[in-house]
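Reviewing the structure listed below.
First the proteins, then the strands, lettered A, B, ... as listed; each starts at 1.
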There are 2 protein chains.
Amino acid sequence: MNPEIISFVKDHFTELSEPSLQEGIASAGVIREFKEGEVIMNFGSFVKGVPLVVKGSIKVVREDEEDNREVLLYFLKAGETCSMSFSCCMMEKRSDIRTTAEDDSKIIIIPIKYANDWMSTYPSWRNFVMRSYDSRMQELVKTLDSIAFKKMDERLWDYLMKRSKAHNAKSIHSTHQEIANDLNASREAISRLLKQLEKKGSIALERNKIVLL
Amino acid sequence: MNPEIISFVKDHFTELSEPSLQEGIASAGVIREFKEGEVIMNFGSFVKGVPLVVKGSIKVVREDEEDNREVLLYFLKAGETCSMSFSCCMMEKRSDIRTTAEDDSKIIIIPIKYANDWMSTYPSWRNFVMRSYDSRMQELVKTLDSIAFKKMDERLWDYLMKRSKAHNAKSIHSTHQEIANDLNASREAISRLLKQLEKKGSIALERNKIVLL
DNA sequence: ATTTGAATGTGATTTAAATCACCGATCCTA
DNA sequence: TAGGATCGGTGATTTAAATCACATTCAAAT
């Protein structure tokens, strides 16, 4: 039983307000920390538990079956959980996603057994899980929209906004190539569009860094 | 209490095997039928219950916020449920999708209250719901992959396969324009690609109809 | 301080698909 | 059966982005 966990839950998961559930999380949960860039879970690995993010920002991507190209699914920040992982461990199947820490991050891992039991015992847990499924689903559909309908310039802008939100900072630390990968675009196209944004005065470009204005 | 429902459940939802759950579904559920092309649920409407598909094929699409373009999300067939609807009614919010009957279809509607209660009482129901969330999620991600990585010819072929599977038939009854809408492409492009497929001997083209060979 | 490799900038070319502009064929209905 | 509407076919043009081919800039290591 880890009292630190209780305060994390109170801070970031207000919905999970039953004291006995909070105690359950504090007893069953394990805190894990990841450095920026560190891979939390890779393709093909078994998921040992449900992750509750308490600090930082997690990037969730999926790898294409044929090629080894990636699709960015979404970012997770404090107060959120990964529904994909959730269903993975419910179904006891291998992960088809990869999660990496975008920033230094802290996560509470809830072993499957508890996550599952609580679905019947705690309405608030059940609700939390359902709500989280729902919002992940919404995210996915929005991403779909975006890829289907929008042109690169708008997608890039949306992406910069999303990342800035996930980090809660106005500067984004990565190379044009990395951004191009996330958007499934060419590095040149991204460089040119970023230049345009810079000319418009929306951003400032530095090496390995983009500052939103 | 409707004995017809029990047999539908036994036939198509084998996972839901507890007799008391089956009886619950038979008591609480309402059978609704829809003709081909009929709109089952529209954008913005409140979702009154969870739909279990027992016959036919349901098309689930989402409308873009800005333009009024549509994205095809997936097809549902007998034995499946719409997670989107599920979360909609759990959250008691308006639908952001539209579902239409692709074929003449039959659906059992489970009122929210029961669908929700059963989450705690019946592990098999809970599992069914979770599994369904999972597979819808998978579908979405696959669609995402497809839009992000594949070229029109391949997407078209996948689409034809998917529709043929959903209908369980080797002929597809729609116009090139309708297919173009689903794939978010131009009618001309689809016509040309279909012609190519015909030349390769994969399909035969008729007015309003495509036959897979 | 010089090298070396990664990050970025930029022009030229190619490509998939959208768009535009029209055609004829087929169906429906008055 | 005549006439409009819908469906499908096809060429020409335009467009967004990928790709190719470099040049430049920067930062860190030798």
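Between E188(A) atom CD and dT10(C) atom P there is a gap of 13 Å when expressed in whole angstrom units. Between the CG atom of L197(A) and the P atom of dG9(C) there is a distance of 12 Å, given to the nearest Å. Across the protein-nucleic acid pair, R207(B) atom CZ and dC28(C) atom P stand 8 Å apart, rounded to whole Å. N181(A) has its CG atom 12 Å from the P atom of dA18(D), to the nearest Å. Here dA17(C) presents its C1' atom at 9 Å from CZ of R192(B), a figure rounded to the nearest Å. Put simply, CD on E178(B) is 7 Å from P on dC7(D), counting in whole angstrom units. The NZ atom of K150(B) sits 22 Å away from the P atom of dA17(D) (whole-angstrom rounding). At whole-Å resolution of the value, CD in Q177(A) and P in dT19(D) are 11 Å apart.
Residue contacts for T175(A): at a heavy-atom cut-off of 4.0 Å it reaches the sugar-phosphate backbone alone, with no base atom in range.
When each of I190(B) and K209(A) is assigned the nucleotide of DNA chain C bearing its nearest heavy atom, the one mapping closer to the 5' terminus is K209(A). Between A189(A) and K199(B), the residue anchored nearer the 5' end of DNA chain D, judged by the nucleotide with its closest heavy atom, is K199(B).
A side chain to side chain contact (heavy atoms under 4.5 Å, CB included) with W125(B) holds for exactly one of W118(B), Y114(B), F13(B); it is W118(B).
With rounding to the nearest 0.5 angstrom, the CG atom of L205(B) is 5.5 Å from the NZ atom of K195(B).
The side chain of K151(A) places no N or O atom within less than 4.0 Å of a non-bridging phosphate oxygen (OP1 or OP2) of dA17(D).
On a pure distance criterion of 3.5 Å, no polar donor-acceptor pair joins the side chain of R187(B) and the base of dT6(D).
Of the candidate nucleotides dA7(C), dT19(C), dT19(D), dA7(C) has the atom lying nearest to any side-chain atom of N208(A). Between dG8(D), dG5(C), dC20(D), one nucleotide has an atom nearer to the side chain of H176(B) than all others, and that is dG8(D). When distances are taken from the side chain of K195(B) to each of dT19(D), dT10(D), dG9(C), the shortest belongs to dT10(D).
Other residues, nucleotides and ligands contribute at most 12 non-hydrogen atoms within 6.0 Å of the CG atom of N168(A).
Using modelled atom types, one finds no donor on one side chain facing an acceptor on the other under 3.5 Å when comparing S45(B) with S95(B). With 3.5 Å as the limit, one finds a donor-acceptor pair spanning the side chains of S174(B) and R163(B).
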